[in-house]
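All remarks here apply to the structure that follows.
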Protein chains: 2
Amino acid sequence: MGAKSSKSRKRLGKKEYESLSAFRYALRRFLRFSEEAAEAVGLTPQQHQALLAIKGFPGRESVTNGELAERLQVRHHSVVGLVNRLEAQGLIARAQGESDRREVYINLTARGAELLERLTAAHQEELRHIAPQLGAILEGIE
Amino acid sequence: MGAKSSKSRKRLGKKEYESLSAFRYALRRFLRFSEEAAEAVGLTPQQHQALLAIKGFPGRESVTNGELAERLQVRHHSVVGLVNRLEAQGLIARAQGESDRREVYINLTARGAELLERLTAAHQEELRHIAPQLGAILEGIE
DNA sequence: TGATTTACGTCGCGGCACGACATATAATTG
DNA sequence: CAATTATATGTCGTGCCGCGACGTAAATCA
């Protein structure tokens with residue numbers, strides 16, 4: 001039948017590209033908001049994400065290096081540098097694992113928690129604002 | 001009243017941090033998928049986003065440098081380097097603006113369009129897969 | 001026409017993610 | 001229990017990309 005290409009994949013029309021592009025645009029704008037909020041309190045975007053991943057880890061508020069890497073979706077040794085910079089700023093503290101002394105558990109300091117709280121409040125508000133829009137775009141893709 | 005801090009902001013409990021962190025985690029996993037899909041066809045993630053932003057621009061399939069910068073949420077001169085690399089790979093073509101000769105219009109070549117089509121199909125499928133999960137997390141934040 | 005604005009481009013820097021490799025501790029196994 | 005293997009963190013050097021500062025050309029305005 002009307003198969004134009006070798007693989008029998010669905011034809012993609014202008015509308016499909018526009019929907020996907022609109023989704024990425026909305027996403028980039030949210031991430032941009034987030035980047036600027038982080039910088040406004042003296043953090044890089046990645047440092048902010050690390051603090052959130054620690055405090056927001058399911059069931060705990062302390063994570064190992066490897067766990068943090070998984071939550072941030074980066075390699076473990078990328079986390080090392082990130083944690084070094086956060087430690088230098090006094091926003092997190094390292095503690096060697098008790099049962100397994102290879103592990104390093106990372107905790108927020110009071111100062112780290114305070115910065116994160118401010119950022120989190122701002123992000124909640126922004127997300128409440130854009131969530132309906134994001135949802136609408138996603139439905140256009142389905 | 002029970003105001004502990006100077007600013008009368010809402011108290012944030014463990015649950016709020018976990019919700020926001022879960023959202024960012026889901027987002028990072030999607031972006032990671034996207035990064036790997038792009039690399040699998042020989043593109044950097046940013047190059048893929050540029051192609052999508054061009055082909056998915058509302059009502060047109062050709063954009064100026066400045067428009068592209070806005071859609072990607074980066075500075076205009078960050079786009080210049082990106083477009084240079086895409087042009088070198090034969091994925092896009094530049095054309096000087098007709099009415100305003102300062103403008104540069106960027107179009108996809110056939111090869112650029114072909115790569116983008118493959119990536120777009122894969123992304124649609126992935127998004128259909130994770131959209132419900134993303135929606136559920138977002139409702140937990142509202 | 002001179003001054004200002006707009007659009008694109010160049011240059012060098014810094015942050016961060018990565019691959020390759022190193023070190024320390026734990027677990028396994030013969 | 002010594003030797004091996006697996007796991008967790010850390011070091012080093014590289015490359016991509018976004019940015020600020022600045023430059024150039026074309027359009028617009030006074």
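Chain A is the first sequence line, chain B the second, and so forth, proteins listed ahead of strands; every chain is numbered from 1.
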Separation of atom [atom1] in [X] from atom [atom2] in [N], rounded to whole Å:
X: A:H76; N: C:dT23; atom1: NE2; atom2: P; answer: 15 Å
X: B:L82; N: C:dT10; atom1: CG; atom2: P; answer: 14 Å
X: A:N84; N: C:dA17; atom1: CG; atom2: C1'; answer: 15 Å
X: A:E36; N: D:dG18; atom1: CD; atom2: P; answer: 15 Å
X: A:R94; N: D:dA8; atom1: CZ; atom2: C1'; answer: 12 Å
X: A:E39; N: D:dG18; atom1: CD; atom2: C1'; answer: 11 Å
X: A:R71; N: C:dA17; atom1: CZ; atom2: C1'; answer: 20 Å
X: B:Q47; N: D:dG18; atom1: CD; atom2: P; answer: 10 Å

Report the nucleotide, chosen from [options], that has the shortest atom-to-atom distance to any side-chain atom of [X].
X: B:V104; options: C:dG9, C:dA7, C:dG15; answer: C:dG9
X: B:R32; options: D:dG18, C:dC18, D:dA26; answer: C:dC18
X: B:R101; options: D:dA8, C:dG9, D:dA26; answer: D:dA26
X: B:V74; options: D:dC19, D:dT9, C:dA7; answer: D:dC19
X: A:R102; options: C:dC16, D:dT9, C:dA24; answer: C:dA24
X: A:H77; options: D:dT11, D:dG18, C:dT10; answer: D:dT11
X: B:R85; options: C:dG9, D:dG10, D:dC17; answer: D:dC17

Using a cut-off of 4.0 Å on non-hydrogen atoms, how would the nucleic acid contact of B:S78 be classed: base, sugar-phosphate, or nothing? base
So, does A:Q46 get its side chain near the phosphate of C:dG15, meaning an N or O under 4.0 Å from OP1 or OP2? no
Within the pair A:R28 and D:dG18, is there a side-chain N or O less than 4.0 Å away from OP1 or OP2? no
Between B:R102 and B:N65, is any side-chain donor less than 3.5 angstrom from a side-chain acceptor? no
Donor-acceptor side-chain pairing of A:R24 and B:S34 below 3.5 angstrom: yes
One thing to verify: whether [Y] and [X] come together as a salt bridge, which I'm taking to mean a side-chain N less than 4.0 angstrom from a carboxylate O.
X: B:E35; Y: B:R32; answer: yes
X: B:K15; Y: B:E18; answer: no
X: B:E70; Y: A:R29; answer: yes

The reported gap from CG in B:L68 to CZ in B:R71 (rounded to nearest 0.5 angstrom) is 9.5 Å
Rounded to the nearest 0.5 Å, what's the gap from NZ on B:K14 to OG on B:S19? Could you check? 10.5 Å
Going only through I, L, V, M, F, W and Y residues with side-chain contacts under 4.5 Å, is there a path from B:Y25 to A:F57? no
Nearest heavy atom decides the nucleotide; on that basis, is B:D100 or B:R75 closer to the 5' end of DNA chain D? B:R75
Give me the residues of residues 48-68 of chain A where at least one heavy atom lies under 4.0 Å from an atom of DNA chain C, by number, or none. none
Return the 5'-most residue of the pair A:V79, A:Q96 with respect to DNA chain C, ranking by each residue's nearest nucleotide. A:V79
